[in-house]
Amino acid sequence: MLKGISIAIDGPAAAGKSTIAKRIAQKLRYTYIDTGAMYRALTHKAIKSGINMDSDHDLSDLLEGTEILLVPNNGSQAVWIDGVDCSNEIRSEEVTAAVSKVAAHTTVRKLMVDKQRELANESGVVMDGRDIGTAVLPDADLKIFMTASVEERAERRFQENEKRGIYTPLERLKEDIEKRDRADSEREVSPLKKADDAILVDTTSMTIDEVVDKVIELAEVRLER
Ligand code: DC
């Protein structure tokens, strides 16, 4: 087993970050932290509570009174909000459509980043998101910026949805992904952006196993330094 390093995986929506990050964490016996799930959890609770999603103040207050737990579960990760398993709810279309707005607020991000750094304070961590290499863990040992063409990302999401019995037309998925990428890249606070020292991995024509092997190879090089 590799001794603990920190691996940051950033990239646009539906690029396969969490699938890859989970596998790597499992293989290396590292802690996996899905930061997108944390923004999704807050968005879900805000929708349920009728909170104004334009208000950084109201959302931050809500976040301070919310317990979000990322619980390892059979190689995956369950998300518990205030003691209730909301792993499926946070992936709903309604949450997906609103999460970029919630994640654009300054104080919300500051509170989230503090929590994420606390969680990363263990040896051996794989964290995925949009600003891990640039803001959350700027000193991460290995930074990956994972991307794929928007057509490929929409196709993967389509197949994933199909398995879960959800049918959303491919063209609609592509539009949603493009819209979310635009919002995440154009926001003022910690926008989605490749860190200067991140390694770009374009997964368009790669299998999951190929991507996992490549990242593990890169991690091994870091450990040998
Ligand atoms: O990775 P995901 O699709 O579950 O992330 C949901 C949203 O959360 C994404 O559109 C932008 C936001 N996010 C963020 O702003 N910063 C992160 N580190 C992770 C996610």
Side-chain angles (χ1 to χ4, degrees), residues 6-22 24-25 32-47 53 56 59-60 63 66 68 70 76-79 81 86-120 125-138 140 143-148 150 153-154 156-158 160-161 164 166 168 173-195 198 203:
S6 50
I7 304 177
I9 303 184
D10 291 301
K17 301 182 298 292
S18 57
T19 306
I20 302 297
K22 257 182 245 168
I24 291 167
Y32 165 57
I33 301 164
D34 176 357
T35 61
M38 298 168 74
Y39 290 99
R40 286 174 179 273
L42 175 62
T43 306
H44 174 64
K45 185 159 173 188
I47 293 170
M53 285 192 263
D56 189 15
L59 286 166
S60 306
L63 179 56
T66 303
I68 300 172
L70 303 179
S76 188
Q77 186 159 84
V79 180
I81 307 173
C86 295
S87 307
N88 291 329
E89 289 81 350
I90 64 160
R91 308 280 163 201
S92 71
E93 268 196 49
E94 199 184 5
V95 170
T96 303
V99 64
S100 290
K101 189 179 228 186
V102 169
H105 294 293
T106 311
T107 317
V108 166
R109 295 204 73 83
K110 193 191 165 306
L111 295 171
M112 286 292 194
V113 169
D114 287 348
K115 278 177 194 266
Q116 290 156 7
R117 286 190 183 141
E118 256 171 56
L119 292 172
V125 68
V126 186
M127 191 178 273
D128 80 351
R130 303 293 188 288
D131 61 338
I132 311 306
T134 53
V136 182
L137 304 176
K143 298 182 186 178
I144 304 288
F145 194 83
M146 193 171 286
T147 186
V150 69
R153 290 187 280 137
R156 288 179 191 165
R157 188 49 52 90
F158 184 83
E160 205 179 287
N161 280 354
R164 290 160 60 203
I166 302 167
T168 312
L173 289 174
K174 193 174 154 222
E175 280 164 19
D176 290 351
I177 288 173
E178 280 173 330
K179 191 167 161 206
R180 202 142 62 91
D181 285 350
R182 216 172 308 123
D184 294 340
S185 308
E186 289 175 0
R187 69 172 178 234
E188 271 175 40
V189 203
S190 308
L192 165 67
K193 184 174 164 281
K194 179 184 164 301
T203 70

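The structure presented is a predicted model; accordingly, all values stated were derived computationally and were not measured. Just so you know, ligand 1 is whichever comes first in the structure, and atom 1 is the first atom listed for that ligand.
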Does any N or O atom in Arg109 lie less than 3.5 angstrom from one in ligand 1, N or O only?
yes
Reported CG-to-CG distance for the pair Asp114 and Leu119, which is rounded to 0.5 angstrom
11.0 Å
Atom 4 (O) of ligand 1: which protein heavy atom is closest, and how many Å away?
Arg40 NE, 2.7 Å
Check this for me: does any side-chain nitrogen of one of Glu160 and Arg157 sit under 4.0 Å from a carboxylate oxygen of the other?
yes
Arg187/Asp131 salt bridge by N-O under 4.0 Å criterion:
no
Taking atom 19 (C) of ligand 1 as the reference point, the nearest protein heavy atom with its distance
Thr35 OG1, 3.3 Å
No-hydrogen, no-angle side-chain donor-acceptor test under 3.5 Å, Asp181 and Ser185
no
Region of Lys179 engaging ligand 1 - heavy atom pairs below 4.0 Å:
neither
Residues Lys45 and Thr66: side-chain donor-acceptor under 3.5 angstrom:
yes
Provide, to 0.1 Å, the distance between atom 18 (N) of ligand 1 and the closest protein heavy atom, together with that atom's residue and name.
Asp131 OD1, 2.8 Å
Test item: side-chain donor near acceptor, Thr106 and Asp56, under 3.5 Å
no
Under a 4.0 angstrom heavy-atom cut-off, which atoms of ligand 1 come close to Arg91?
4 (O)
Would you mind running through ligand 1 and noting each atom that sits below 4.0 Å from a heavy atom of Ser100?
10 (O)
Return the closest protein heavy atom for atom 6 (C) of ligand 1 as residue, atom name and distance.
Arg180 NH1, 3.6 Å
Closest non-hydrogen atom pair, Leu192 against Pro12:
CD2-CA, 3.8 Å
Of Ala13, Ala104, Ala15, Ala103, which has the heavy atom at the shortest distance from atom 12 (C) of ligand 1?
Ala103
Closest non-hydrogen contact found for Ala140 with Ala8 is CB-CB, 4.0 Å
Straight-line distance of Ile132 CD1 to Ile7 CD1, nearest 0.5 Å:
13.0 Å
What residue and atom, counting heavy atoms only, is the protein's closest point to atom 20 (C) of ligand 1, and at what distance?
Gly36 CA, 3.5 Å
List every atom of ligand 1 that sits less than 4.0 Å from any heavy atom of Gly129, numbering the atoms from 1 in the order shown and giving each element.
17 (C), 18 (N), 19 (C)
Tell me which protein heavy atom sits closest to atom 1 (O) of ligand 1, plus the residue, atom name and distance to 0.1 Å.
Arg130 NH1, 3.0 Å
Is the contact between Arg187 and ligand 1 made by the side chain, the backbone, both, or neither, using heavy atoms and a 4.0 Å cut-off?
side chain
Of all the non-hydrogen atoms in the protein, which one sits nearest to atom 11 (C) of ligand 1, and at what distance?
Asp184 OD2, 3.3 Å
